[in-house]
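Report on the following structure.
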Amino acid sequence: MKQAIKTYLIKLSNWFNLNNIEENTNKFLNLIIKLFSILAFIVIVIITISTINDESYIIKPFHVTKFSEESGVSGLVVANSINDKINEIIEGYYESNDNEYDTSKTKQKIIKIPSDNNLQKEKVVLDEFTLIQKRRALQMEIEGIGVNFNSFIESLQHLIGKQQNYVSGDIAIIDSSLNLNLRLTGHRPIVLNKPFQKTNFKKAYNSIIQESAEYILENLNPANLLYYYYKNERDKDAKRIAYKILISSDIDIKHSYNILGQLANKQGDKKLALIMYNESLKHDSNFSSVYNNIAICQSEIKDFENAVLNYKKAIKLENENPSYHKNLSICFAKQNKLKEAIEEAKYAVSINKYNTSYLRNLATIYRKDSMYDDAIKIYEECLRIDINSAKTYNNIAVVYQKKMDLKNSYSYANKSLSIDSTFSLAYSTIAENYAIEKDSIKFKKNLTLALKYKYPLQRLNVNKIHMDYIYEIGYDSIINLLNNNPINSNKNTN
């Protein structure tokens, strides 16, 4: 290699008729080699120091006793099961309706847990994807003979008196009970116990792996677990983790206040929700999802002016988040600013044209603006993506009703019910059609079915077609039902 470079430089020098070619070439080569050596040394030092100081956790194969070979349970299997479950919990929050990341194609053996940056922006991703803002990692220790990089680093850590962080433990069957003793460096060990019979061993095993993964995340990165609990409607667990973070973690406080705001809003306490959201912003004024949550709350109490301002703040921080544009379009539509609503709805679709939620939102605004043919076209696009959507078939039925084409309206509403026979909105659409046709018997039958399958009373109360006909025919049982039930503010549903 050195000789080839030398020959090339000699030829190049001859071209320019330079003197002392061989001497200059040797000096140049020696300079390159010295610079490369210095650079390589610096890189090695940086990698070694950063790795030695790394707070990563290595998950070791578990010690397994009293399992039959047929069970398929081994120490490495248990470690991989916990690894996969942690990935599943973490990925569960980041997966959007867009299916932006297809993680099914990869199997990874390194768990990266994100740090304190805006979790809406971070993405926990595998192998071919880029990791953003890592904090700690769980690594699978590879069993084998010889020295690997982990063992080399571990030796260096022992030399400087630094302890390696491990997840380890024992799993055994004792008296028809599955027992797992889980150890986590720097944290108290726990013992998990799941009774089982031969027929439900798999269920007990999956349950104990789930609890193990949650315990690890609660101690290493509670923010991810916090959002996982909230998304899965485990409100008590979410609140517990949120308060735990407020007490023990300065890093994740903003996430705790955000989730506490979400829980308060869910309970209808808008005032407390706004207080919590604003506390979150005190810890991170660039937390885009909090601005979005504030705007949603303000829109629900019809403070549209401030809602629009906060949606725009969220969009300024994260312009390519389609949900922010969708939410802003709904806010504009509530104010009958349909031109602005369509513009924002279109932008959301342009970011992800395969998401039926964004498409349906655009079609719904077209419908509100009496652009019925455009609405049907978009709804049909939704059906090309998901042909078994009862909701979309009913949406088309509603558009045909608006066009006074009741034949097609009945047809699409019945297609909706053929997919989901308990879909209350489809029964409501059919009841509206019978109200238009002044068929009180069939109207009552279908409205009764709609209410049976949880059609919201607050929605019924603001449905002009229903309410006009209910009073026209003197449908006393429904009138009394409405009078005896306080009606909450109506929520937008597409």
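Computed from a predicted structure; not experimentally measured.
Asn463 and Glu432 share a donor-acceptor pair across their side chains, judged by distance under 3.5 Å alone. There is no side-chain donor-acceptor pair under 3.5 Å between Asn483 and Asn480.
Test Leu178, Ile173, Val78 against Val73 for side-chain contact (heavy atoms from CB on, under 4.5 Å) and you get one pass: Val78.
The side-chain heavy atoms of Phe62 and Leu180, taken from C-beta on, include a pair separated by under 4.5 Å. Contact annotation: the side chain of Lys368 approaches that of Asn336 to within less than 4.5 Å [non-hydrogen atoms, C-beta and beyond]. Leu338 places none of its side-chain heavy atoms less than 4.5 Å from the side chain of Phe332. No side-chain heavy atom of Leu317 sits less than 4.5 Å from a side-chain heavy atom of Phe287. Using a 4.5 Å cut-off on side-chain heavy atoms (C-beta onward), Thr356 and Ser389 make no contact. In this structure the side chain of Tyr400 reaches within 4.5 angstrom of the side chain of Ile376, judged on heavy atoms. Side-chain atoms of Ile216 and Ile82, non-hydrogen and from C-beta on, do get closer than 4.5 Å to each other.
Around NZ of Lys445, the count of heavy atoms belonging to other residues, nucleotides or ligands within 6.0 Å does not exceed 12.
With ring centers used as reference points, Tyr277 lies 6.0 Å or more from Tyr257. Aromatic ring centres of Tyr324 and Tyr311 lie farther apart than the 6.0 Å criterion allows.
Salt-bridge formation is detected for the pair Lys403/Asp373: a Lys NZ or Arg NE/NH1/NH2 atom is positioned less than 4.0 Å from an Asp or Glu carboxylate oxygen. Checked for salt-bridge contact, Lys244 and Glu218 meet the test: a charged N lies under 4.0 Å from a carboxylate O. In summary, Lys270 and Glu300 engage in a salt bridge, as defined by a charged side-chain N under 4.0 Å from a carboxylate O. Comment: Lys353 does not engage Glu381 in a salt bridge, judged by the lack of any side-chain N to carboxylate O separation of less than 4.0 angstrom. A salt bridge between Lys85 and Glu88 is present, with a side-chain N of the basic residue lying under 4.0 Å from a carboxylate O of the acidic one. The pair Lys194-Glu211 counts as a salt bridge, with a side-chain nitrogen and a carboxylate oxygen less than 4.0 angstrom apart. Ion pairing of Lys337 with Glu344 is absent here, as no side-chain N (NZ or NE/NH1/NH2) approaches a carboxylate O to less than 4.0 Å. Using a 4.0 Å cut-off between charged side-chain N and carboxylate O, Arg234 and Glu214 make a salt bridge.
The side-chain tip of Lys203 does not point at the ring of Phe196 from less than 6.0 angstrom away and within 45° of straight on. With a 6.0 Å cutoff to the six-membered ring centre and a 45° limit on the axis angle, Lys415 does not count as a cation-pi contact of Tyr393.
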Where do Glu279 and Lys282 land on the salt bridge (charged side-chain N to carboxylate O under 4.0 Å, His left out) test, with the steps shown first?
CA-CA 5 Å; Glu279 284 297 320; Lys282 288 179 182 178; 2.9 Å; yes

As a quick check of understanding, evaluate side chain to side chain donor-acceptor pair (under 3.5 Å) for Ser323 and Asn292, giving each step before the final call.
CA-CA 9 Å; Ser323 65; Asn292 178 65; 5.3 Å; no

Applying side chain to side chain donor-acceptor pair (under 3.5 Å), run through Ser81 and Tyr205 and close with a yes or a no.
CA-CA 10 Å; Ser81 296; Tyr205 177 80; 2.8 Å; yes

Dump the intermediate steps for side chain to side chain donor-acceptor pair (under 3.5 Å) on Tyr227 and Asn258, then the final yes or no.
CA-CA 10 Å; Tyr227 282 98; Asn258 182 35; 3.1 Å; yes

Working note: Glu320 + Tyr347, criterion side chain to side chain donor-acceptor pair (under 3.5 Å); need CA distance, chi angles, decisive distance, verdict.
CA-CA 9 Å; Glu320 295 306 302; Tyr347 197 94; 3.0 Å; yes

Candidate pair Tyr427 and Tyr455, rule ring pair (Phe, Tyr, Trp, His ring centres under 6.0 Å), full reasoning:
CA-CA 9 Å; Tyr427 286 113; Tyr455 184 78; over 10 Å; no

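Between the side chain of Ser299 and the backbone N or O of Ala295 there is no donor-acceptor pair closer than 3.5 Å.
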